[in-house]
Amino acid sequence: MKLPWLASLGAAAGVLAVHGRVATGTSTLLHRGGASPDAERQAREAWLAAHLKDEFELDRNGRLAPQSGLNVAWNHKETRPRNAKNDCGQAPQKNRDQMPSAAADGS
């Protein structure tokens, strides 16, 4: 009695063996020594677009572009993530205004 499924099982095992060798060969990402420079650039641009949303956005090709304002919510100033550059308010301007008088006083 011939078992046709046994022949197909042998063929499937051969396919798995071939693919197993390809997956464990030198073509894996970890074996090459890390991510490509293009992948690092894409990750950096995505981080900038996500964390500095009021300054940058990703264009239709996935490249970093200046903010056009079309993908920012109307209440972005109230709901944006906290950022150190937004924490100080008017303190830098007040400091610049007070520097000449402090220099004149010698303090």
Side-chain angles (χ1 to χ4, degrees):
M1 175 178 185
K2 288 188 175 182
L3 300 174
W5 60 271
L6 189 57
S8 63
L9 182 62
V15 169
L16 286 176
V18 168
H19 286 296
R21 275 188 243 123
V22 170
T24 60
T26 60
S27 65
T28 61
L29 180 64
L30 293 176
H31 191 272
R32 284 193 308 241
S36 68
D38 190 45
E40 291 176 7
R41 180 189 53 78
Q42 288 175 344
R44 181 176 50 250
E45 289 179 355
W47 187 92
L48 285 169
H51 288 82
L52 298 174
K53 193 172 191 159
D54 51 344
E55 295 183 30
F56 300 109
E57 68 181 39
L58 293 177
D59 64 6
R60 70 178 67 164
N61 299 324
R63 302 296 307 257
L64 195 64
Q67 182 56 255
S68 65
L70 298 176
N71 65 346
V72 178
W74 61 273
N75 62 345
H76 178 68
K77 284 193 174 189
E78 290 83 27
T79 60
R80 65 182 169 200
R82 187 171 176 198
N83 193 332
K85 72 177 185 172
N86 300 327
D87 284 347
C88 56
Q90 296 297 324
Q93 183 61 38
K94 287 181 185 178
N95 188 25
R96 268 185 247 120
D97 294 342
Q98 293 174 354
M99 288 302 280
S101 62
D105 293 342
S107 53

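For the numbers below, each heavy atom of this structure counts, side chains included, while hydrogens, waters and symmetry mates do not.
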Please tabulate, for the side chains in residues 46-54, all donor-acceptor contacts under 3.5 angstrom to protein atoms that are two or more places apart in sequence or on a different chain.
{"from": "W47", "atom 1": "NE1", "to": "H51", "atom 2": "ND1", "distance (Å)": "3.3"}
{"from": "H51", "atom 1": "ND1", "to": "W47", "atom 2": "O", "distance (Å)": "3.0"}

(message) Using a 3.5 Å distance criterion without hydrogens, assess whether the side chain of D59 forms a donor-acceptor pair with backbone atoms of N61.
(response) yes

(request) Give, for atom CZ of R44 and atom CD of Q42, the distance between the pair rounded to the nearest 0.5 Å. (result) 10.5 Å

(request) Kindly write out the residues that satisfy side-chain contact (heavy atoms from CB on, under 4.5 Å) with D97, not counting sequence neighbours, or none if the list is empty. (result) Q93

(request) State which residues pass side-chain contact (heavy atoms from CB on, under 4.5 Å) with S68; sequence neighbours excluded, sorted by chain then number. (result) E57, L70

